[in-house]
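Everything quoted here is computed from the prediction, not taken from an experiment. Naming: A, B, ... by sequence-line order, numbering from 1 per chain.
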Amino acid sequence: MNIFRIIGDLSHLLAIIILLRKIWKTRSCAGISGKSQILFALVYTTRYLDLVTTYVSLYNTVMKIIFIAVSIATCYLIYMKFKATYDHNHDTFRIEFLLAPAVILALLINHDFTFLEILWTFSIYLESVAILPQLFMVSKTGEAESITSHYLFALGSYRALYILNWIYRYHNEEIYDLIAIVAGIVQTALYCDFFYLYITKVLRGKKLQLPA
Amino acid sequence: IEKSSTHDEL
């Protein structure tokens, strides 16, 4: 474990807590892409099935359970409890265009052609593009509430910090995982324009307005 | 693809 991964995991945890709290407190999921949340729930449930087979550490197990529980609870709030506030009209990204390539790529490029390994690989590929429906929705509505942009910043930072973690591990432990690294770079790249807007606007107290 | 670690990351 290293500082980059710890801060990355905490940033990830912060992001999903911010989102769940925002929906719960405002009793509304306006501006939130339910499709992205479904993809994230799928990412964690497919990646963390190894909860039942391998024990890495208490930290690892607790965090996996939290990620699965919070992501499913967020989907429940969006699609059940506060369904009336779900913005169907702006959450229109076709997620089948993300799921199909992730499945195909996981079957073609993986470390091991076993059930759990294919699911893990699918989860890694899917996570790299899972935020697209949310970013698409923000671009369609032309703006995002500041709490949503804090969520996106924390979520984007987590994988950016993981890249530093992978550099650290390659340098210090001679460990690397090309699939996770390439997908993580793609995932972080997707946030770049958001990061720019967040730093130049939101941190100056302005609303996150995308050029319509 | 080769890899040199088990999946010990989140």
Side-chain angles (χ1 to χ4, degrees), chain A residues 1-2 4-6 8-13 16 43-44 47-51 53-57 59-68 105-106 108-113 116-117 119-121 123-124 127 158-159 161-162 165-166 169-170 173-184, chain B:
Chain A
M1 180 55 95
N2 58 70
F4 303 114
R5 190 139 60 95
I6 291 178
D9 289 340
L10 293 179
S11 179
H12 189 187
L13 182 65
I16 62 176
V43 163
Y44 304 134
R47 188 180 306 176
Y48 299 155
L49 289 179
D50 62 358
L51 263 175
T53 57
T54 48
Y55 176 80
V56 175
S57 70
Y59 169 81
N60 190 274
T61 301
V62 167
M63 290 294 264
K64 286 178 177 177
I65 292 169
I66 293 173
F67 286 164
I68 289 174
L105 213 53
L108 294 177
I109 305 175
N110 52 61
H111 292 308
D112 203 12
F113 204 82
L116 276 181
E117 192 61 28
L119 278 187
W120 177 85
T121 312
S123 156
I124 289 287
E127 188 192 6
Y158 127 73
R159 215 61 179 169
L161 286 159
Y162 255 67
N165 153 64
W166 289 318
R169 294 193 81 177
Y170 180 70
E173 303 166 32
E174 298 291 322
I175 283 180
Y176 64 96
D177 181 337
L178 273 186
I179 287 179
I181 291 169
V182 173
Chain B
I1 289 195
E2 83 297 335
K3 71 174 172 180
S4 57
S5 67
T6 56
H7 303 314
D8 60 353
E9 296 176 346
L10 288 177

Can you say whether A:N60 sits under 4.5 Å from chain B via the side chain, the backbone, both, or neither, judging by heavy atoms?
both
Select one option (side chain, backbone, both, neither) describing which atoms of A:Y48 are under 4.5 Å from chain B's heavy atoms.
side chain
Does either side chain, that of A:N165 or that of B:E9, offer a donor lying less than 3.5 Å from an acceptor on the other one?
yes
d(B:D8 CG, A:R5 CZ) to nearest 0.5 Å is 5.0 Å
For the pair B:L10 and A:H12, evaluate side chain to side chain contact (heavy atoms under 4.5 Å, CB included) and give the outcome as yes or no after the intermediate values.
CA-CA 10 Å; B:L10 288 177; A:H12 189 187; 5.8 Å; no
Would you say that more than 12 heavy atoms from the other residues, nucleotides or ligands in this model lie under 6.0 Å from the OH of A:Y170, or not?
no
When the ring planes of A:W120 and B:H7 are compared, do they come out parallel, tilted or perpendicular, using 30° and 60° as the limits?
parallel
